[in-house]
Number of protein chains: 2
Amino acid sequence: MKSVGIVAEYNPFHNGHLYHVQAAKRLSQSDVTIAVMSGNFLQRGEPALVSKWSRTKMALQSGVDIVIELPYAFAVQKAEVFAHGAIFLLNAMKCSGICFGSESGDIQQFIHTLSFMNDKKTEYDKHIRMFIKQGISYPSALALAYQELGPDSRSVDLSTPNNILGYHYVYAAAEINPRLNFYTIQRKSAGYHDESFSDATIASATSIRKSLNAHGNLSEIQAYIPHETLANLHQYSSDFAQFHIWEDYWPYLQYRLLSMNKEELREIYEVEEGLENRLIKAAHSADNFHSFMKAIKTKRYTWTRLQRLCVHILTNTRKTTIHALDKSPQYARLLGMSSIGREYLNQIKKELPIPLVSKLSAYENNMLMLDIRAADVYAHGLAEPYRRKLLAFEYRQPPIFNNA
Amino acid sequence: MKSVGIVAEYNPFHNGHLYHVQAAKRLSQSDVTIAVMSGNFLQRGEPALVSKWSRTKMALQSGVDIVIELPYAFAVQKAEVFAHGAIFLLNAMKCSGICFGSESGDIQQFIHTLSFMNDKKTEYDKHIRMFIKQGISYPSALALAYQELGPDSRSVDLSTPNNILGYHYVYAAAEINPRLNFYTIQRKSAGYHDESFSDATIASATSIRKSLNAHGNLSEIQAYIPHETLANLHQYSSDFAQFHIWEDYWPYLQYRLLSMNKEELREIYEVEEGLENRLIKAAHSADNFHSFMKAIKTKRYTWTRLQRLCVHILTNTRKTTIHALDKSPQYARLLGMSSIGREYLNQIKKELPIPLVSKLSAYENNMLMLDIRAADVYAHGLAEPYRRKLLAFEYRQPPIFNNA
């Protein structure tokens, strides 16, 4: 059996994702689709709208065959680390190819850019350092440094978010397994960051979440999501009374910031020199997450970077903990599978280079502890009795099996 | 001007406290009454019903002239440490005498017991160690060891809570200033721990709080409190929409426990060997503070001791922090004063051995940082917009001046 890998957050799974899954299978002529999906906290430093279990169901019901959790240590990270973790896992799962969405839509551009950048690495790094010194944010520095190199017409435009991620996938694969095949599909209609609807059936997850948050009304988004997603969102809202948004974690973030000193705060991952004073000061004066974020934002750090930092404070993730971990995922946590997925797993399980974890109690590992903690903290976005109900899931929920 | 000292929590200030203030002044023939009062967290490991500012107003309006905060590092502690901090501060404030309530009511019994115990110190300590080894709680071990010494009829009964505290006051004074005069009044009618009302005008703070928590109705308790207390409770409930109870801090305690590892938990003050596993396990399964407490309770630790431990976890108070502090209060934080109190302060201020702190921004100190943190954490018992309102008090509220 041949499998194709997808990197996703499915927050929530929408029609664009459905198109991506189908295209991935078709382009790569695979029997099985494997998604590596972020857990409860996402790359942009946000809690997922609904739990990883609910998002796994959406994916399986829309044609994904296997869902593997991207560990917290890779999920809440900048693009390089995120991409490395995801590609490592897809390669470990024996995918022969990987398909991603991009603004470019032309895989040759990515491959060309990889060798172009490889040739100019020293110059590129020098430019990055120079821009960082000028107080420019890291992602902007990368984009500007790339411009300085004078990319030719065959290069990919590295100023758009999905092209950037795609480039990092290709880059990671060059290290992990150069034989991986890559496919890219052009994103249809909706831009990654689009906040409003512009197409009749395809919308970005951002615009879908925005609409959900503003109106809490599922009917407004149903044109943009498979009916399986709609059913799962309905189910979640009936099981847990609400979705997860940053504002509901704000009291905990504020509480933690006000009950730690500067030295302790400096031990948290991604808290860089000088940030600790601004964080503590803003925690005293802000009365919600958005005003807190506005108070700490500066030119040097992107909003996304600061949100990730807030997630690390919230989950009490320390520099020493992250630095002591392996640079690649040490396990593949199985969140769910279809019948075909199960068949595939049976076929490859003896060749897996890392353990396939389906039961938490059977496996102990420092990297996994971060995932468990993230789940525990994630549950605190809910009030009782829902909090406790969700807390119990992390240990008791076996991988979801979709028999459809 | 002559002053008398009182040690109190005023949670809330009731008719028994009023009687105590008046008797203290009369017995000691003093012009000024000075209360050392616990801040927002109390000796029994509980949040105070209302903030220290509101309780200061109650005290001043009922005849106390000066209110000094007992620092967190002494307030949330076993009787010895609590008593040492309080007596040290009253002595620093130049009190010539100290008056406390007791079940005994006979100061000679305390003084006799002090010398009796002094003679038998080695034997007493040996008995304590023996009982502790048997898995008996520390306070019970003290009481049993005392019984083993065979106290005579002139000794005080050290099995009741106010006699125990009184004994520690007298004991602390022997170290700090043996010239301090002591007075004790017998507690009228209500036992310290009584949970129901038995007298027409005197009730324990415990029974008053219990009635407030159960019915939230101030009319039921008005016979037992001065009308100034009633007015302040009304004001608090109108300003902040609620009183402070442990259950409202439970989500934060649980969140903290679920986002720290065992090593970090062992760094918290009073977390002793072996407790960390029970704490983390119970945090996973409990859905409220009371069920959490029941899950962690064993014979070895009293309920009070475990509640104090929970306060230290909640406020992130570490062993290293407490151990690095001076063994006595380093400042006297002024919470409020009457006109006479102000006159007295003007008279003694040049002789004070420690700084009198009326403005937080003017003084920096590690011991004081714990008080500020306790206030920040205390505010999290409230929802917004009340949380932010209370947070602002700690830095902005000058000492309360009661001009009546």
Side-chain angles (χ1 to χ4, degrees), chain A residues 247-265 267-268 280-281 283-289 291-292 311-318 320-321 366 369-370 372-396, chain B residues 247-265 267-268 280-281 283-289 291-292 311-318 320-321 366 369-370 372-396:
Chain A
E247 291 299 346
D248 292 325
Y249 297 91
W250 163 246
Y252 297 99
L253 179 67
Q254 183 188 38
Y255 159 70
R256 184 173 289 277
L257 281 166
L258 297 187
S259 59
M260 73 203 303
N261 59 33
K262 285 172 194 171
E263 290 67 39
E264 290 170 303
L265 187 49
E267 289 173 13
I268 298 292
I280 289 178
K281 193 166 167 240
H284 261 106
S285 58
D287 61 355
N288 62 59
F289 182 67
S291 68
F292 174 76
V311 171
H312 298 314
I313 297 169
L314 190 70
T315 55
N316 188 27
T317 302
R318 306 206 179 185
T320 50
T321 308
N366 284 338
M369 284 307 295
L370 295 182
I372 297 171
R373 183 182 291 182
D376 287 345
V377 168
Y378 184 73
H380 277 75
L382 305 175
E384 289 293 1
Y386 308 106
R387 188 192 312 145
R388 195 179 172 200
K389 193 168 159 187
L390 187 57
L391 273 175
F393 266 71
E394 189 63 8
Y395 274 91
R396 292 187 203 150
Chain B
E247 291 299 346
D248 292 326
Y249 297 90
W250 162 247
Y252 297 99
L253 179 67
Q254 183 188 37
Y255 158 70
R256 185 173 288 280
L257 281 166
L258 296 187
S259 60
M260 73 203 303
N261 60 33
K262 285 172 195 171
E263 290 67 39
E264 290 169 305
L265 188 48
E267 289 174 12
I268 298 292
I280 288 176
K281 193 166 168 242
H284 261 107
S285 58
D287 61 355
N288 62 59
F289 182 66
S291 68
F292 174 75
V311 171
H312 297 315
I313 297 169
L314 190 68
T315 56
N316 188 29
T317 302
R318 307 207 178 182
T320 49
T321 307
N366 284 339
M369 285 308 295
L370 295 183
I372 297 171
R373 184 182 291 181
D376 287 345
V377 169
Y378 184 73
H380 277 76
L382 305 175
E384 288 294 2
Y386 309 106
R387 187 193 312 144
R388 196 180 172 199
K389 193 168 157 185
L390 187 58
L391 274 175
F393 266 71
E394 189 63 8
Y395 273 92
R396 294 189 201 149

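Computed from a prediction, not measured in an experiment: that's the story for all the values here. Note on naming: letters A, B, ... go to the chains in the order of the sequence lines (proteins, then strands), and numbering restarts at 1 for each one.
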Euclidean distance, [Y] [atom2] relative to [X] [atom1], rounded to 0.5 Å:
{"X": "Met260(A)", "Y": "Arg256(B)", "atom1": "CE", "atom2": "CZ", "value": "7.5 Å"}
{"X": "Lys389(A)", "Y": "Asp287(B)", "atom1": "NZ", "atom2": "CG", "value": "13.5 Å"}
{"X": "His380(B)", "Y": "Ser259(A)", "atom1": "NE2", "atom2": "OG", "value": "8.0 Å"}
{"X": "Leu258(A)", "Y": "Asn316(B)", "atom1": "CG", "atom2": "CG", "value": "11.5 Å"}
{"X": "Tyr395(A)", "Y": "His284(B)", "atom1": "OH", "atom2": "NE2", "value": "5.5 Å"}
{"X": "Arg373(B)", "Y": "Asn261(A)", "atom1": "CZ", "atom2": "CG", "value": "5.5 Å"}

CA sep, side-chain torsions, deciding dist, call: Glu263(A), Arg318(B), salt bridge (charged side-chain N to carboxylate O under 4.0 Å, His left out): CA-CA 13 Å; Glu263(A) 290 67 39; Arg318(B) 307 207 178 182; over 6 Å; no
Under 4.5 Å from any heavy atom of chain B, what part of [X] do you find: side chain, backbone, both or neither?
{"X": "Leu391(A)", "value": "side chain"}
{"X": "Ile372(A)", "value": "neither"}
{"X": "Gln254(A)", "value": "both"}

Short side-chain to backbone donor-acceptor contact, Arg388(A) and Ser285(B), under 3.5 Å: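 Flag set: sc Arg388(A) to bb Ser285(B) pair under 3.5 Å.
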Plane angle bin for Tyr252(B) and Tyr252(A) - parallel if under 30°, tilted between 30 and 60°, otherwise perpendicular: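 The rings of Tyr252(A) and Tyr252(B) sit tilted, inter-plane angle from 30° to 60°.
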Closest non-hydrogen atom pair, Tyr255(A) against Ile313(B):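 That would be OH-O, 4.1 Å.
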